[in-house]
**Student:** 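Got a structure here, written out as structure tokens. Questions coming.
In what follows, every chain begins at residue 1, and chains take the letters A, B, ... in the order their sequences are listed.
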2 protein chains.
Amino acid sequence: MSSLDKRTAERGEPSGGSAGPVPKSVAARTLRILDTFDSGHCELSLSDISRRSGLPVATCHRLVGELVEWGGLLRTGGRYRIGHKLWSLGLLSESHHGLAELAAPYMHDVLFLTKHVVNLFVLDGAHALLLERISGTQPGRALHRVGDRLALHASAGGKAFLAYGPPELAKAALANPQRLTPNTVIDPTRLRRELEQVRRKGYAVTLEEAVRGAHGIAVPVTAADGSVLAALGVVTVGTRPRPAAIVPVLQIAARSIAREAGRLAVRGGPAA
Amino acid sequence: MSSLDKRTAERGEPSGGSAGPVPKSVAARTLRILDTFDSGHCELSLSDISRRSGLPVATCHRLVGELVEWGGLLRTGGRYRIGHKLWSLGLLSESHHGLAELAAPYMHDVLFLTKHVVNLFVLDGAHALLLERISGTQPGRALHRVGDRLALHASAGGKAFLAYGPPELAKAALANPQRLTPNTVIDPTRLRRELEQVRRKGYAVTLEEAVRGAHGIAVPVTAADGSVLAALGVVTVGTRPRPAAIVPVLQIAARSIAREAGRLAVRGGPAA
DNA sequence: CGGCGCTTTCCACTCAGTGGAACCCGCCCT
DNA sequence: AGGGCGGGTTCCACTGAGTGGAAAGCGCCG
């Protein structure tokens, strides 16, 4: 029994990968291996995977091998990355993707009128999930990519969710706001006041609160029954956004998207 | 032993799902379950999955349960579909995605000038993989979606690959061309002659060869060293495309994309 | 040359996974 | 009502797939 204790103790917590105890079922272990990949770690070595997953190397070796054979991971040199199988599989996720597709034309309109990068977010648990993005015409490195998850308190879209979503969501988000830049607002009372203002004015802004030099402005996409389907926003780099020019455009687009989504009338937005 | 034979016989071939024998390893079985989903089957019931995978229901039930708990599948009613976990995971597949991102602005330009749906393909084995698509402004039913794989001999982008790619690729594709519509060209000599023409004129067309009523026109995206990086095309529905108006636009965009891609390829690794 | 970190292979033990069978439930047909 | 049907769910005794420590292989650096 002492050997068992030792084993568990030595394993310790995974260095920074997926949290939680090591799962016993093979399937869960396989999936945990996939979990070790995220936007900051899209290329991992075998031992990276082992460390981040908390699984023994030998086990990882075998499971990773199966994933590679399947096509879910691909191996280049001694490193692994997500393969095209998973990519095309993920695209079948109709859930929110229908919304992205339907919103795209209106997002183009916003791009055409404002010349800024246009973002569409849905609420995913305690994060704003970047569902669709229309990049501006100037080829530059993007701040965020489709599929990224942003903090609710530090993104314009996120603030829209906090302002118009259920109160318990805001409560949870204001509990421990992370500081991301010197400008991030982490004081709960000040955040609460900001949300009040969002509700009054009808749009949310962030000024270099998530990324230095980047400003955001967003409006909620509200369904007929008042629920928030999504958040639509633009990003400006360098210069501050001018609400007078941007907000009306966003609001018209948001209303069109909501109407279109309602017409589709299948089932509502993101599962909580 | 007879019971074993009977079992194998009764199981038979999966009705139309993933081919090959039933794998013995748990991991492979789990992944096989994911394989039962494709663009034509994005919502499956448990017994659908069982049939298409060739795995017993009880086994599917358990594995699917784990996938749901993980977030890779999501259950609505009695049906399953791909969940957002797999979606965002798939987006980490850097492999070609950088190209899609860099091409997007130029594809917007093509949309703006031609008003047609714009497609960007890369070669994926013996298929043209739809990497990025800029849908037109009119919200309508899309013919193909990002992630779909198209036959090489029946799509404009595919023909571009056949015409400008390695000869063995064309050889393989001309071996057994599937008929998809009454207009599909399946005669190898005629196809070969068409490819000759593509090389001479610099662009490829399809006239209702993959989908009735839909025409395609595409040009190759050629790198400085002459290799074909991708194919860029537009789709017209109903009316035939007018090459004189469309091809120059496509070619300019293709050159820009190739140039941009070349610039990007210089830097070695994707820095974290 | 010896040490270090990573990957790969091996193999005896054992427990997770298996899947047939029974059960439950909603639906349609008669 | 009844009963047949096509799902989904639960159960459990059996067993071989999966496990993971250990050791060998490999490339790199000082």
Side-chain angles (χ1 to χ4, degrees), chain A residues 1-12 14-17 20-34 36 41 43-70 73-81, chain B residues 1-12 14-17 20-34 36 41 43-70 73-81:
Chain A
M1 66 214 293
S2 75
S3 79
L4 222 160
D5 293 345
K6 187 160 150 278
R7 227 171 66 196
T8 326
E10 273 183 0
R11 176 127 57 217
S15 22
V22 176
K24 60 270 123 62
S25 92
V26 196
R29 285 166 188 226
T30 312
L31 300 174
R32 148 98 39 147
I33 284 181
L34 292 178
T36 59
H41 306 82
E43 214 182 52
L44 298 173
S45 74
L46 183 63
S47 34
D48 287 339
I49 294 174
S50 165
R51 262 189 307 274
R52 287 171 58 83
S53 65
L55 296 167
V57 250
T59 304
C60 285
H61 184 252
R62 198 164 19 84
L63 294 179
V64 161
E66 294 207 65
L67 283 165
V68 169
E69 194 184 355
W70 178 62
L73 292 183
L74 68 86
R75 149 163 226 173
T76 43
R79 315 230 124 198
Y80 298 90
R81 39 169 60 186
Chain B
M1 64 207 282
S2 75
S3 78
L4 220 160
D5 294 343
K6 185 161 152 281
R7 228 173 63 195
T8 326
E10 273 184 0
R11 176 127 55 219
S15 20
V22 176
K24 60 274 127 58
S25 91
V26 198
R29 285 167 186 225
T30 311
L31 301 174
R32 147 97 41 144
I33 285 182
L34 293 178
T36 59
H41 306 82
E43 213 183 53
L44 298 172
S45 73
L46 183 62
S47 34
D48 288 338
I49 294 174
S50 164
R51 261 188 309 272
R52 287 171 58 82
S53 65
L55 297 168
V57 250
T59 304
C60 284
H61 184 251
R62 198 162 20 84
L63 293 179
V64 161
E66 294 207 66
L67 282 165
V68 168
E69 193 185 355
W70 178 62
L73 293 184
L74 68 87
R75 149 163 225 176
T76 42
R79 315 230 124 198
Y80 298 90
R81 40 169 62 185

**Student:** From the options C:dC6, D:dG21, D:dT19, select the nucleotide whose nearest atom is closest to the side chain of A:V26.
**Tutor:**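 Per side-chain heavy atoms of A:V26, the pick is D:dT19.
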
**Student:** Could you state the CD1-P distance from A:I33 to D:dG20, rounded to the nearest angstrom?
**Tutor:**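 It is 11 Å, rounded to the nearest whole Å.
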
**Student:** Is A:S47 near enough to C:dT7 that one of its side-chain N or O atoms lies under 4.0 angstrom from OP1 or OP2?
**Tutor:**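 Yes, such a contact exists.
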
**Student:** Round to a whole Å and report the spacing from CG of B:L67 to P of C:dG17.
**Tutor:**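 Rounded to whole Å, this separation is 13 Å.
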
**Student:** Can a side chain N or O of B:T59 be found less than 4.0 Å away from OP1 or OP2 on C:dG19?
**Tutor:**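 Yes, B:T59 has a side-chain N/O under 4.0 Å of OP1/OP2 on C:dG19.
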
**Student:** Would you check if there is a donor-acceptor pair between the side chains of A:S25 and B:E66 at a distance under 3.5 Å?
**Tutor:**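 The criterion, which ignores hydrogens and geometry beyond distance, is satisfied for A:S25 and B:E66.
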
**Student:** Check this one for me: any side-chain N or O of B:R62 less than 4.0 Å away from OP1 or OP2 of D:dC12?
**Tutor:**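 B:R62 to D:dC12 OP1/OP2: no side-chain N or O under 4.0 Å.
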
**Student:** Taking OP1 and OP2 of D:dG8, is either one under 4.0 Å from a side-chain nitrogen or oxygen of B:R75?
**Tutor:**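 Checking D:dG8 against B:R75, no side-chain N or O comes under 4.0 Å of OP1 or OP2.
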
**Student:** Quick one: on DNA chain C, does A:G78 or B:K24 contact a more 5' nucleotide (nearest heavy atom)?
**Tutor:**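 Nearer the 5' end of the strand: A:G78.
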
**Student:** Could you check how far CG of B:L73 sits from P of D:dG8, rounded to whole Å?
**Tutor:**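 After rounding, the gap between these two atoms is 14 Å.
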
**Student:** Measure from the side chain of A:S25, starting at C-beta and using heavy atoms only, and say which of C:dG17, C:dT7, D:dG7 lies closest.
**Tutor:**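 Selected nucleotide (nearest to the side chain): C:dG17.
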
**Student:** Please determine whether a side-chain nitrogen or oxygen atom of B:R29 lies at a distance below 4.0 Å from atom OP1 or OP2 of C:dT18.
**Tutor:**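 Yes, B:R29 has a side-chain N/O under 4.0 Å of OP1/OP2 on C:dT18.
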
**Student:** Look only at the side chain of A:R75 and the backbone of A:G77, and say whether a donor-acceptor pair between them is shorter than 3.5 Å.
**Tutor:**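 Looks like yes, one N/O pair under 3.5 Å.
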
**Student:** Can you tell me how far C1' of C:dT7 sits from CG of A:L44, to the nearest Å?
**Tutor:**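 Going from CG in A:L44 over to C1' in C:dT7 covers 15 Å.
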
**Student:** If each of A:A27 and A:A58 is mapped to the nucleotide of DNA chain C with the nearest heavy atom, which maps nearer the 5' terminus, i.e. the 5' end?
**Tutor:**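 It is A:A58 whose nearest nucleotide is closer to the 5' end.
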
**Student:** Any chance you could measure B:L73, atom CG, to B:I49, atom CD1, to the nearest 0.5 Å?
**Tutor:**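 Those atoms lie 6.5 Å apart.
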
**Student:** B:T36 and B:L44: which non-hydrogen atoms are nearest, and at how many Å?
**Tutor:**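 That would be O-CD1, 3.4 Å.
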
**Student:** How long is the line joining CG of B:L63 and C1' of D:dA17, in whole Å?
**Tutor:**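 Computing the B:L63:CG to D:dA17:C1' distance gives 14 Å.
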
**Student:** Would you confirm whether B:S50, through its side chain, and B:L55, through its main-chain N or O, come within 3.5 Å as a donor-acceptor pair?
**Tutor:**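 Confirmed, B:S50 side chain pairs with B:L55 backbone.
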
**Student:** Determine: side-chain N/O of B:H61 to OP1/OP2 of D:dT9, distance under 4.0 Å, yes or no.
**Tutor:**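 Yes, because at least one side-chain N or O of B:H61 sits under 4.0 Å from OP1 or OP2 of D:dT9.
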
**Student:** Once you round it to whole Å, what is the distance between C1' of C:dC6 and CZ of A:R79?
**Tutor:**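 About 11 Å, once rounded to whole Å.
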
**Student:** C:dC25 P sits how many Å from B:L46 CG, rounded?
**Tutor:**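 Distance check: B:L46 CG to C:dC25 P gives 17 Å.
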
